Amino acid sequence: MVSTPRTATELTALKGVGPALAEKLQRLQLHSVQDILFHLPLRYQDRTRITPIGALRPGTDAVVEGVVAACDVVMGRRRSLLCRLQDGSGILSLRFYYFTAALKARLAPGSRVRCYGEVRPGASGLEIYHPELQAAEGAHSIPVSTTLTPIYPTTEGLSQQRLRALSEAALAWLEQGNSLVELLPDDLRADYQLGNLTDAIHTLHRPPASVDLEALHEGRHWSQHRLAFEELLAHQLVMRKLRAQIRQHQAPAMQPSRTLAREFLQRLGFAPTGAQARVGEEISLDLQQPKPMLRLVQGDVGAGKTVVAALAALQAIEAGWQVALMAPTEILAEQHFNNFQHWLTPLGISVAWLSGKLKGKTRTNQLQLIASGDAAMVVGTHALFQAEVQFQRLGLAIIDEQHRFGVQQRLALRDKGAAGRYCPHQLIMTATPIPRTLAMSAYADLDTSVLDELPPGRTPVNTVLVADHRREEVIARVQAGCAEGRQAYWVCTLIEESEQLQAQAAEATWQTLCDSLPELSIGLIHGRMKAAEKVEIMAAFKAGDLHLLVATTVIEVGVDVPNASLMIIENPERLGLAQLHQLRGRVGRGNTASHCVLLYQSPLSALGRERLGIMRESSDGFVIAERDLALRGPGEVLGTRQTGLVQFRIADLQRDADLLPAVQQAARQLQQAHPEVVQPLIDRWLATGQQFAQV
Ligand code: ADP
Ligand code: MG
């Protein structure tokens, strides 16, 4: 919600708002007159002219006026009141499934009626169901509206009429010589051709009948542009502020590794790709600076981010600092722990392990290793953020799979700073390809490196769509594949977030598959199992002791079993494409051709077909993310809650993407030339209680 604490005017200043209503509005985060003015319509209805019945088109909303020719209760599938309205140009049916005797009387033949509603094709020609009726007494018609009718976002207990009356009163308040504080300086408004704030607000609440309605509905109107720009600017400023705050801390300057990196690469068994070398170099330069690195490494699944992380870690360790590597799940953290132990122990570096599940003496031991600095490398889950975890000299924090970590946690790292004086360098790695426009906004506080090259020898995954009723064929395919010595995943998904239901579904599938494929050894893994159990199952699968692994989406991130070359995903239509891409990235890691079967519930919606079609056609995470973004919008693609991507009130990252370069430039300009308006802008657009409250 918008709040302008410094200049806010009490709601009760408005006509018709008493303490009771004010309290109700407060619950909707509408605290001041300014809040009401920034509570903008979602869409509009055009009630500014009467459409002749003969000119009505199905699918449009219209105001119609005519004389009732007939009005009867009809029986059909459901009893309804059917009223025939004519105006000389044609006849229209008004249909009511809920009606009273009074309504029937009002619609008696010969009465003059004006109504508003959506025109649809019906059994008896064009119909409007449950139109809003307006009295059109006698021969004198009441005038039509002169402005478009706004439809506001609302919740239960607050009607559109109420909200319209409130915005009416707030606009009247504006006209009584009050105004909204124009925070954007004149020169900036001139540079970016931004209109007047008060006019924009006025236009959006009550667009004149002459407005370009299409532009308005598409968000292209100058008034929307004006507000979207200001909103994006406020977000950009808050991100820059966050970044500046972190960057004003000291960080340890680390010289590039001379020996450890060389030894590591010699033992690795493969050469880094060009992209790994380039990104490694970018990170190395950051680490040499006495300011905290804030770098995001984006790389598609399988691009080899772990090697890049290890190289960064070795530079820090050789320079005498501790490194923490955090992963979002136990399984993934465990896998990193194994990798780092395998890589670093021969180099004489000890690796500590910490997860929430670690208890008792083992935990105390690990905490001790971390606090004493004996473990230069520490791998774990979110547990590493806990207050009891004290590092002796933390110099670098690596966060894997950023999309599951919130901004909060990123900030919490500040406080884990090395030796009380230093803020650790931060390296964030994500396999969620973030479309450039989103990255500019959601990660404006980070520098970005892209691992845009897969290691050699990967064969693209062949993806097919199969309807659920051909399940038997799919099972036969798994059987054949496993008989040839391959391994397969069978992924069960559910809409419910409940781990329990997911686990049940996976268990049921596991049982059926065990019955159909008795000759195979089949494992089961889901989120309700104990950590140790999960690790054991993964190890067995990795070792090749299991042919088939039935799993919930717990295997989504990072799990690496190169011999697995077949994946079945049930109900793929329920998942985001980014998530599907992550899942599919579990196969295609070895050098045999890999297959992914998307076993969908038929019938598939048109959108579902289009989305799964994208998966079949593309194996490029960025292409998939861009197209998913276009189909579903940014909130869905990134998952608003997890990313710390804020909900915009007016701006739309997809629609307004072209504004972002200008917004970035304007943010720089504003910080330099008008630093005094930065905080008021942030206050206006960023709610208290949101993740940026602490900035
Ligand atoms: P992700 O980017 O998804 O985290 P990983 O770091 O898990 O990818 O790497 C995927 C696999 O590719 C691992 O088995 C890793 O050992 C291997 N790998 C990484 N870099 C290279 C390379 N340059 N050449 C060959 N294989 C590599
Ligand atoms: Mg990984």
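All ligand and atom numbering here is 1-based and tracks the order in the structure. The residues of the chain are indexed from 1 along the displayed sequence. If you're wondering where the values come from, they're calculated on a predicted model, not measured in any experiment. For the numbers below, each heavy atom of this structure counts, side chains included, while hydrogens, waters and symmetry mates do not.
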Quiz item: For residues E318 and T259, is any side-chain donor paired with an opposing acceptor at under 3.5 Å?
Solution: yes
Quiz item: Do we see a donor-acceptor contact under 3.5 Å between the side chains of H425 and D286?
Solution: no
Exercise. Answer yes or no for A271: is there a heavy-atom contact with ligand 1 below 4.0 Å?
Key: yes
Quiz item: Are D620 and S618 close enough that a side-chain donor and a side-chain acceptor fall under 3.5 Å?
Solution: no
Quiz item: Does at least one non-hydrogen atom of A303 fall below 4.0 angstrom from an atom of ligand 1?
Solution: yes
Self-check item: Element-labelled atoms of ligand 1 that are located less than 4.0 Å from some non-hydrogen atom of T273
Solution: 23 (N)
Quiz prompt | Under 3.5 Å side-chain donor-acceptor pair for E519 and Q479 | solution = yes
Quiz prompt | Donor-acceptor pair between R295 and S449 side chains, under 3.5 angstrom | solution = yes
Exercise. Using a strict 4.0 Å cut-off to heavy atoms of T306, name the atoms of ligand 1 that fall inside it.
Key: 4 (O), 5 (P), 6 (O), 7 (O)
Quiz item: Nearest non-hydrogen atom to atom 3 (O) of ligand 1 belongs to which of G302, P272, A275?
Solution: G302
Quiz item: For E330 and T381, does a side-chain donor sit closer than 3.5 Å to a side-chain acceptor?
Solution: no
Practice problem: Examine G304 against ligand 1 and note whether any of their N/O atoms are separated by less than 3.5 Å. | Solution: yes
Quiz prompt | Nearest-option assignment for atom 20 (N) of ligand 1, heavy atoms, candidates K305, Q276, H336 | solution = Q276
